[in-house]
Amino acid sequence: MDGGTLCSIGELARHTGLSVKTIRFYSDRGIVAPAGRTPAGYRRYAPDAVARLALVRTLRELGLGLDVIRRVVDQELTLGEVAAEHAAALDVQISVLRLRRAVLTAAAEREPTPQEMELMHQLATLSAAERRRMIDDFLDAVFEGLHNVSHAAARRSMTPELPDNPTDEQVRAWVELAELSLDPDFRARMRRLAEDHAGSLPEGAPRLPRPDAVAVARDVVAPAVARGIRADSPQADPVVAALTARCALVHGRPDDAGLHTWLLHRLEAASDPRRDEYLQLLALINGWPAPERLAPLVGWSVTALRVRAGR
């Protein structure tokens, strides 16, 4: 096209690669208006129409609406302003799509019932405030009324904080953790652990946290498990003796049958693998290093104590 020559709509179509119908549509919407008409009424376009249509096509491919595009080509809005607003809108859409994909991926792995699918969707799309209320309700059920420094710290350490832009894995982890927190039996197990720990503390002023039975078992039993020592074998006798002696020392109790019964009770309560699962999911959501799974060590300790209690 010459710099000052008007062209027909057909010529404009050949220069831009757009169809005549499309150009006519944009023209009727006032986005690319004709510079004039022939005596017979045919539209004629100025040379800058090619550049305007190229911009229109680019913005349409980026998903902008025609009203916004018209304001851009008319210089009512700058490209920077439009790009910033559209990018923000896309961030919201991407977040929603990520949540949907995470739910669908989890559903594909688990084959849920329609009711479970609905629950998964609801849990994935909760607002930050709704997520916080749900977790507060769970932690209240576990720790309410147990006023101690160690319980306050445990409550904080068990609180998930889903990021503003979570990964698919973090969304799936949140859904699974939320489902665990709603499980009445899991709540009851965790409450029992908290109450048992509270019952093992001395009367009077709050004490700083000290190793509980699970932590002691982890430290004492782990080397034996790593060496492949069976919990019911004679080789496990010195390990069990070290475990009970360490617990007696930490908790200020005699190493007798009463302590052995108490320790077995504590470890049985902690042997639920769902406790490990909650902590693994929590670490993934919060971006923490994955914690060691304690269920195998606790299970070994429980078996060892039971075997020796029956001797």
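- Salt bridge annotation for R172-E176: absent, with no cationic side-chain nitrogen under 4.0 angstrom from a carboxylate oxygen.
- At least one side-chain heavy atom of R60 sits less than 4.5 Å from a side-chain heavy atom of V56.
- Relative orientation of the W262 and H251 rings is perpendicular, given thresholds of 30° and 60° on the angle between their planes.
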CA sep, side-chain torsions, deciding dist, call: R192, D272, salt bridge (charged side-chain N to carboxylate O under 4.0 Å, His left out): CA-CA 12 Å; R192 177 183 169 190; D272 190 334; over 6 Å; no
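- Hydrophobic clustering of Ile, Leu, Val, Met, Phe, Trp and Tyr side chains at less than 4.5 Å, counting indirect connections, keeps L284 apart from L282.
- Residues D137 and R187 are paired through a salt bridge, judged by an N-O separation under 4.0 Å between the basic side chain and the carboxylate.
- Looking only at side-chain heavy atoms (C-beta outward), V82 and T78 stay at 4.5 Å or farther from each other.
- Side-chain contact between L297 and E292 is present, with heavy atoms from C-beta onward closer than 4.5 Å.
- Salt bridge annotation for R132-E161: present, with a cationic side-chain nitrogen under 4.0 angstrom from a carboxylate oxygen.
- Salt-bridge check for E268 with R306: passed, with a basic side-chain N closer than 4.0 Å to an acidic carboxylate O.
- Electrostatic pairing of R155 and D140 counts as a salt bridge here, judged by a charged N lying under 4.0 Å from a carboxylate O.
- At a threshold of 4.5 Å between non-hydrogen side-chain atoms, the residues R133 and L126 do not count as touching.
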